[in-house]
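One structure below.
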Amino acid sequence: MKILVTGGAGYIASHTNLELLNAGYEVVAIDNLSNSCKESIRRVEKITGKEISFYENDIRDKEALINIFNKENIDGVIHFAGLKAVGESCRIPLEYYNNNISGTINLLEVMDRFDVKNLVFSSSATVYGDPKTVPITEDFPLSVTNPYGRTKLMIEDILRDLYSADPEWNIAILRYFNPIGAHESGEIGEDPNGIPNNLLPYIAKVASGILDKINIFGGDYDTHDGTGVRDFIHVVDLSLGHIKAIEKLGDKPGLVTYNLGTGQGHSVMDIINNYEKACNKKLPYVITDRRPGDIAVSFADPSKAYNELGWKAKRGIEEMCRDSYNWQSKNPNGYR
Ligand code: NAD
Ligand code: WQD
């Protein structure tokens, strides 16, 4: 089976490529390298001893996609490509709509033309907005508060419309919670451009002395220690969820939607405490104002993925922090 991985050089894609190759799939990757480096592809090849067929192209370039579908015998697509920074999406919304929405429509049109109708899509827990209760199940109401989130919800709607028009499609919508950590080898990991927006890459840079202190966004939430609570999930567990989703598409399930989370909520302070153990040093922090748009608590009910895919996250926050620090200390400047 040959899988086209869009955004194939990115953080979650590189870990998924590794698991796909280990599971015996062939991998074709397309990435415009707007938020990644080709080095991640090379490292996955090094770890697995297998080759990835890599195309440095933009998914909005239809001719490039047609060329790939003509050359490679694609059986299914895992669609990671997209811009993902919430704050940036508020500053440059048109780029987000153009990249994420136009890119996806382009991809779907080419898949349709080549009669490749198996798709796994990277959605996000952001589509649940500010949930009234936790844990969150897949049938919770959907709402979004920023352009990034809106692109995810719009793409989900497009996929639901596509499936109702043509039930030959098999589509798995995966709603990720908060992916963190890195492969245990320390060879691949998260490598954001500039100052990180997300908690874990920020902590990693403080742990390695590149940034001076962690800013905790709010210490007065209604949580066990006042800091925000999230469902942090190890990126390797998340990647293994994609293998299960691809297998599921083989049963022709139609359109299916799964939460990929651990079902456990951990606070920002819990993560800092675990990270201090992982790096064996005290991490300076200050508690600042809440970040606009943030919610207090979010964690998944992942039982649907367990019941229907046989998938469950196995790695705890100790391993997530350990593997994050291992990647950070081996690669203080990321892939560069
Ligand atoms: P990432 O930025 O590391 O990966 C995305 C990749 O897509 C990058 O390599 C980028 O260069 C590429 N890309 C962007 N636009 C492209 C285009 N038009 N054509 C070709 N390539 C393009 O991000 P990630 O964290 O690995 O996220 C992967 C997917 O998962 C994204 O769709 C993201 O929205 C989604 N997601 C991520 C998280 C998270 O917290 N990391 C949570 C939920 C959902
Ligand atoms: C986690 C917690 C912050 C940074 C985002 C997107 C979501 C999804 C995952 C893509 C929060 C706190 C953070 C810092 C802090 N991405 N924090 N200091 O906001 O839960 O989710 O990434 O789909 O859509 O919104 O993740 O890592 O930014 O924040 O205190 O420097 O850490 O307030 O409580 P978030 P995050």
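Counting begins at 1 with the first residue of the sequence. In listed order, ligands and their atoms are each counted from 1.
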Does the pair Glu156/Arg160 count as a salt bridge with the N-to-O cut at 4.0 Å? yes
Numbered atoms and elements of ligand 2 in range of Ile216, under 4.0 angstrom, heavy atoms: 30 (O)
For ligand 1, which atoms, with element, lie under 4.0 Å from some heavy atom of Leu33? 11 (O)
Numbering as shown, the atoms of ligand 1 that approach Ser123 to under 4.0 Å (heavy-atom distance): 43 (C), 44 (C)
Looking at Lys38 and Asp31, is there a salt bridge between them, counting it only when a charged N and a carboxylate O are closer than 4.0 Å? no
Can you tell me which residue and heavy atom of the protein come closest to atom 21 (O) of ligand 2, and the distance to 0.1 Å? Asn178 ND2, 3.7 Å
What protein heavy atom sits nearest atom 23 (O) of ligand 2, and how far away is it? Tyr148 OH, 2.5 Å
What atoms of ligand 1 come closer than 4.0 angstrom to any heavy atom of Ser122? 29 (C), 30 (O), 32 (O), 35 (C)
Under 3.5 Å between any N/O of Phe217 and any N/O of ligand 2: does that happen in this structure? yes
Atom 32 (O) of ligand 2 sits nearest the protein heavy atom Val268 CG2, 3.4 Å
Hey, does Phe177 have a side-chain heavy atom less than 4.5 Å from the side chain of Asn259? yes
Counting heavy atoms only, which part of Ala125 comes closer than 4.0 Å to ligand 1: side chain, backbone, both or neither? neither
With a sphere of 6.0 Å drawn around CG of Asn73, does it hold more than 12 non-hydrogen atoms of other residues, nucleotides or ligands? no
Side chain, backbone, both or neither: which part of Asn100 has a heavy atom under 4.0 Å from ligand 1? neither
Gly10 heavy atoms, cut-off 4.0 Å: which ligand 1 atoms fall inside? 3 (O), 4 (O), 9 (O)
Classify the contact between Lys152 and ligand 1 as side chain, backbone, both or neither, using a heavy-atom distance cut-off of under 4.0 Å. side chain
How far is atom 7 (C) of ligand 2 from the closest protein heavy atom, and which atom is that? Ser124 OG, 4.1 Å
Quick one: look up the protein heavy atom nearest atom 31 (C) of ligand 1 and list residue, atom name and how far away it is. Phe80 O, 3.1 Å
Logged contact type for Val86 with ligand 2, heavy-atom cut-off 4.0 Å, is side chain
Which pairs pass side-chain hydrogen bond (donor to acceptor under 3.5 Å, both in side chains) with one or both residues in residues 240-254, sequence neighbours excluded? Tyr176-His242
Side chains of Phe299 and Gln264 in contact at under 4.5 Å (non-hydrogen atoms): no
Can you tell whether the side chains of Arg315 and Asp323 come within less than 4.0 Å, N to carboxylate O? no
Count I, L, V, M, F, W, Y as connected when their side-chain heavy atoms are under 4.5 Å apart, and connections chain through other members. Are Leu20 and Leu119 then in the same cluster? no
Could you label the plane-to-plane angle of the Phe121 and His79 rings as parallel, tilted or perpendicular, counting under 30° as parallel and over 60° as perpendicular? tilted
Residue and atom name of the nearest protein heavy atom (relative to atom 36 (N) of ligand 1), distance in Å to one decimal: Tyr176 CD1, 3.6 Å
Asn178: heavy atom below 4.0 Å from ligand 1, yes or no? no
Does Glu72 come within less than 4.0 Å of Lys2, counting only side-chain N to carboxylate O? yes
Sequence neighbours excluded - ring-ring contact (aromatic ring centres under 6.0 Å, His included) pairs with any residue from residues 308-333: Trp327-Tyr335
Checking a contact table here: which protein heavy atom is nearest atom 20 (O) of ligand 2, and how many Å away? Arg230 NE, 2.6 Å
closest protein heavy atom to atom 5 (C) of ligand 1 is Gly82 O, 3.8 Å
To the nearest 0.1 Å, how far is atom 34 (O) of ligand 1 from its closest protein heavy atom, and which atom is that? Tyr148 OH, 2.7 Å
Would you kindly specify which portion of Asn197 sits under 4.0 Å from ligand 2, judged on non-hydrogen atoms: side chain, backbone, both or neither? backbone
Between Leu199 and Phe217, is the side chain to side chain contact (heavy atoms under 4.5 Å, CB included) condition met? List the steps. CA-CA 10 Å; Leu199 181 66; Phe217 299 146; over 6 Å; no
Tell me which one of Ile12, Leu107, Asp31 gets a heavy atom nearest to atom 11 (O) of ligand 1. Asp31
With heavy atoms only and a cut-off of under 4.0 Å, state how Asp294 meets ligand 2: side chain, backbone, both or neither. side chain
Just need the protein heavy atom nearest to atom 24 (P) of ligand 1, so name the residue and atom and give the distance. Lys84 NZ, 3.8 Å
More than 12 heavy atoms from other groups under 6.0 Å of CG on Asp139: yes
Any Lys/Arg nitrogen of Arg42 or Glu39 sitting under 4.0 Å from an Asp/Glu carboxylate oxygen of the other? yes
Pairing of Glu138 and Lys304 as salt bridge, 4.0 angstrom limit: no
Which residue holds the protein heavy atom closest to atom 27 (O) of ligand 2, what is that atom called, and what is the gap in Å? Leu199 N, 2.8 Å
Using distance alone, decide if ligand 2 has a nitrogen or oxygen within less than 3.5 Å of any nitrogen or oxygen in Tyr202. no
Contacting atoms of ligand 2, where contact means under 4.0 angstrom from a heavy atom of Asn215: 14 (C), 15 (C), 18 (N), 30 (O), 31 (O)
Ring geometry between Phe69 and Phe114 (parallel below 30°, tilted from 30 to 60°, perpendicular above 60°): tilted
One finds that the ligand 1 atoms under 4.0 Å from a non-hydrogen atom of Asn57 are 20 (C)
Within the structure, is a non-hydrogen atom of Gly103 found at a distance of less than 4.0 Å from ligand 1? no
The closest protein heavy-atom partner of atom 40 (O) of ligand 1 is Pro179 CD, 3.4 Å
Please write down residue, atom name and distance for the protein heavy atom closest to atom 7 (O) of ligand 1. Gly7 CA, 3.3 Å
min-distance protein heavy atom vs atom 2 (O) of ligand 1 -> Asn35 ND2, 2.7 Å
May I ask you to identify the nearest protein heavy atom to atom 29 (O) of ligand 2, giving residue, atom name and distance to one decimal place in Å? Arg291 NH2, 3.4 Å
Given side chain to side chain contact (heavy atoms under 4.5 Å, CB included), test Tyr221 with Arg290 step by step and report yes or no. CA-CA 9 Å; Tyr221 284 110; Arg290 293 180 179 189; 3.5 Å; yes
Option with minimal heavy-atom separation from atom 17 (C) of ligand 1, where the choices are Asn32, Asn193, Ile78: Asn32
State, to 0.1 Å, how close Glu318 and Asn274 come at their nearest heavy-atom pair, and which atoms those are. CG-OD1, 3.6 Å
Does the N or O separation between Ala13 and ligand 1 drop below 3.5 Å for any pair? no
Please report which non-hydrogen protein atom sits nearest to atom 5 (C) of ligand 2, along with the residue it belongs to and the distance in Å to one decimal place. Asn198 ND2, 3.7 Å
